[in-house]
Structure formats: C-alpha cells, structure tokens
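Just below is one structure, and these are the notes that go with it.
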Amino acid sequence: MGAFLWTEECTMAWEPNDLEQRRLQKLQRIRSAGLDPYPARTNRTHTAAAAVSALEREGENVAVTVCGRIRSLRLMGKAAFAHIEDGSGKIQLFFRADALGELAMDRLERDYDLGDFVEATGTTVRTRAGEPSVLVSDFRMLTKAISPLPVVKEQQVDGERVRYSAFADVEERYRQRYADLASNAEVRELFRTRARVVAALRQFMDQESFLEVETPILQPIYGGAAARPFVTHHQQLHQDLYLRISFELYLKRLLVGMYDRVYEIGRDFRNEGVSFKHNPEFTQLEFYAAYLDYNQVMELAENMLAYVARQLTGGTSIESEGQTIDLAPPWRRLTLRQAILDTAGIDYTQHPTAKDLAAAMRAHGHQPDPRSSWGKLVDSLLGTHVEPTLIQPTFVLDYPRDISPLAKTKPNDPTHVERFEFFIAGMEMGNAFSEINDPLDQQERFLEMGRLYDAKDEDAHPMDEDYLRAMRYGMPPCGGFGTGVDRLVMLFADRRSIREVLLFPHLRNRE
RNA sequence: GGCCCACUAGCUCAAUCCGGCAGAGCAGCUGACUCUUAAUCAGUUGGUUGGAGGUUCGAAUCCUCCGUGGGUCACCA
C-alpha cells in the first residue's frame, strides 16, 4: 500500500466485519455512558510484575492500580476473572459483584472484550488456587480494541506451555506483524533476543577499542560488494543516488583519516532475489582494523561470536535445527582448495582456466554456466558442495583473486588472496580479508573487474575515483570484516528463515 | 524467472484423492453460574471456498489464466 491521497470519491478500504460491528456498538455504548474509551492518562502504580512481587513481598491488601491488555475473560455471573498483560507480564484480575456493584459487573460483561486495554484498581490478593491477583474495586477502559486479535489459548502442563489455538498463517503474521507480536509471546521474545545479539556485538566492538561510525546510505557511487543496487534520485540536486550495498569503501577512507579501528552496524540494500537467507534490506556489521591481517581478524571474529553466545546463554554452545554447535575458539580452518577437494573431489588448481574447470565440473555431473569466470565456477563449487557441510564454525580461507577485487594477493601465490569466509550451521555468515592498500594495485584490480564485467554489461561497476584518491594518501595495512547480523540472529534464535528474524520483512504488494 | 505445494468463517482446521446440501473447535451472540484459569453448562449467529473464466444437470473439489505466500532451483565481482 502506497501513499494515500484523500479525495471525495475515496471510500475507506475497511469494512467492519460482524465481530467489529459488535465492538463498534460497545464503543458507542461506552461513549453514551459518558466514558472516554481512549483516555490519555492512566493512574498506574504497578506493572503487572511489580504487583505480583508486591504481593509476594508485602502480602495481601496492597493497594495497586495496574494496566494492560485483556488476554482472558471468564465471566461467572456475580464474579469474573481476567488476565491482563503489560510489557512486564500478566496478572489476574478478580472481579466480584459485592465489591463492584451490579452495574459495574454488567458493564464488564457487556462492553469489555479480549484485546481491550484496561486499568484496574484494587488490592493484592491470592485466590483459593493460589494465583496472585488483584481484587478489583474499580476499573475502566483505556483502549477499546475494534478488531479482534487471533485468540491464542494455552495452559501450563508440567511447566510446559501447551497451546490450543494459534495465529500461524505465515503470510498474515508478516503482513500484520503487530498482530503476530500481540498474539505470539515467543515472537516478542525472539526480537528481544535479536536486540541482545546486536547489543552484545556492540559491546564486544567497543571493548576491543573500535569506534562506532555512520557512513552514507545514499551514495553517488556504490561498491564494496558484488550486488545490484537500488537507484533513487535527489530532486533538487538532479542527481541519481544508490542505496549502499556495503559500508566497505567508506569505512576504509576513515583508516586513511587515522582512526585505527572503526565499525558500523547498519542497513545494506541489494536489488536481488529474496530467499530464506536473503532480504532486499538487511543488517550488516563491518569493521576495519589497522595493523591486523586476516589471520588476526579470524581470532577477533571467533572471539566475537563466542562473546555473543556467552552474553546470550552463558556458554558457547547453541542449538540449531537439532544440532549442537560450539562457538568456542579456535574454529576449524581450512583452505577453499582443500574444502572443495574434500567435498567435490575437484582440485581446482589443476584446472586453472574457466574452460578446464567447467570441463572437470561436467565430468563430475555438474552443469556449470558457460558464461561463468573461473572464480565464479570456484564460488559455485563452494556454494553447492562446501557450504551445506559446514555445521560447526569453520573458516574457509584463500579465495581466487578474480572474485576478490579488494583483497590482498597472497605473497607466494598470485592466483589467490588473503580472504576468508566463515560458515556456521551450513550458512555463510561473513567475509573478511587483508585489505589492499596499494593504490596502484587497487586501481588495476578495479580496471580488471571493469573489463570482466563490461562483457556482461549489466553488472559493470563504476570506478570509485575518490576511494583511489584516499588510498593514494596512504591507508595502513589492515584487516576488514563483514557479517550478516540477521543471519547471526537466525543462528542464535534457531530460526530457519531470515523473514522470521526481521520485524517487517519485505513482501510483495497485495493487489 | 522455472518447477512443486498452499489459499475454505475473525483464528486453527475438515470436506478435495474418486464432482452431489460447506462442517468442527476457539472467538462472537443469548441465557445460567460469587475462587475461575484452555473455566464450565445449554442454545445460537457467522461463508463471493484467494480472483476471473471454462467443463458439467451440478464445482471448494476437474481444466486454464491471474494474485499472494511457502518450498526448491536459477540469479546474486
């Protein structure tokens, strides 16, 4: 749904259904009684959790006023029970006609529904069943909910939460994430986990003396990754701009500017297909550290993930799709050549041209894209054979030069660069290398890429002259690192789809 | 973009294979009930079966096209 322009002809898209009609009538009845169904102020003295602990510490008869959404309502004629929930948790309300009067009981029965926000004043009490509750002496509407939330009923059985109904339609959960969050407590918990992952990453970087910075999202020239960008336009400047596909080239400019260690956590945008591990916008952590090479970056990376795990769980082991994954350093390290040899049975160094390698792949039953470069073929072997097998955290190192235009060539091997990717749970989680700081080498690499991609035309990447100018002032030797934060959250929250860990994943417009 | 699967009441699902009155639970509504907690008990409303077309005496069901989502493959310096 795009911008909405109001005209006389416009009709509201919303047509109240029967349940909503009912609630609109109740809303009208509340107003007719001279009550405000949407008051601006509340008199809350306790959160639900605070009221419960007040009962536990001070006993019964503590005066409290609590607020929250009605989650259950059990009407029993001259008595009623409800659970309300706020951000701290739930508490039970106990209504009695002899305490409230018949009029108030009638009002509760007639006008209050699941999903409404209410305020209740009363005293703490333990019911016969032992449940901490508020014996209500007064209550009022805080927000009349018009649309009914999906009802999710559950009970505790031997400490386990058993669910009897649900809001489970994946598409509706994503399109109406607010309803998903309101109905499904474990979804709320998941995004708390996400926030803790991000906070732990930030703590780790700060402890390691990195400076957090912010670089442009709107860029005149995009770069730093292999991806198609989104294009937008600045009206007044008459300038096309790109949404960034990585932070890399800007962060390294900052090393030229004499910050030793910088990092950024932010959004990248890539105009590509969507999948269970790709969303058009996603969150990335990149850091650059002067005087480190890719071996030292590996140590930082494994320490970082182990730190996050300890912050979240107290240990370094996590469960992912039924498998136990141990993030404790040091992680396994193997070269890309060895990894492909082990899993695909092809030693790509024996097939040094695209034609040779494609032939070898065909001999192994592959159907390689005949337009692929040698490096692309190697990369596809990595994706199909190696990646799915790497469940425990693994660094795969030393990549072909022609798919790594920003990474330093290995001293004794001009065909490979000092680059690693790391894999956990069968998924690529990040990418890093010893950064090229020779401006003339970098320029040559850009030109090579330009030549390679001119042929295919559509992905031809522009030369970033300003970046080369920065390099010419001198950038210290450094290591750089990038990781997909959403994928880390998938790992720590044990979710199979990136959409599950994005609050508002990208979906096609309806209609 | 290719292929496969799904779309039925506000929610979760059945009926689809093999065409024959579109059903259940929850929610809602009416009533009973002053310690319930998936409250209970009795009664009850609610449907353009994702959309359009076709086949047929008859379509939720079969066919075609479209839409959306999921999966998978492809794409993704």
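Protein chains get the first letters and strands the later ones, always in sequence-line order, with residue 1 at the start of each. Keep in mind it's a predicted model, so treat the numbers as computed, not measured.
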Residue whose closest nucleotide on RNA chain B lies nearer the 5' end, A:Ala168 versus A:Gln92: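 Nearer the 5' end of the strand: A:Ala168.
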
Q: For A:Asn17 and for A:Arg22, find the nucleotide of RNA chain B with the closest heavy atom, then tell me which residue's nucleotide is more 5'.
A: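 Mapping each residue to its closest nucleotide by heavy atoms, the 5'-most match is A:Asn17.
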
Touch check for [X], heavy atoms < 4.0 angstrom, all strands: base, sugar-phosphate only, or nothing?
X: A:Lys26; answer: sugar-phosphate
X: A:Arg445; answer: nothing
X: A:Phe167; answer: sugar-phosphate
X: A:Ala129; answer: base

Looking at [X], I'd like to know whether one of its side-chain N or O atoms comes within less than 4.0 Å of OP1 or OP2 on [N].
X: A:Lys153; N: B:A39; result: yes
X: A:Arg128; N: B:U36; result: no
X: A:Arg74; N: B:U36; result: no
X: A:Arg163; N: B:G25; result: no

[X] side chain, from C-beta outward: closest of [options]:
X: A:Ala79; options: B:U37, B:U34, B:U68; answer: B:U34
X: A:Arg96; options: B:U34, B:A39, B:A77; answer: B:U34
X: A:Gln155; options: B:A77, B:A38, B:U37; answer: B:A38

Measuring only the [atom1] atom in each nucleotide, how far is [N] from [M]? A whole number of Å is fine.
N: B:C18; M: B:C63; atom1: P; value: 10 Å
N: B:C11; M: B:U16; atom1: C1'; value: 22 Å
N: B:C62; M: B:C17; atom1: P; value: 5 Å

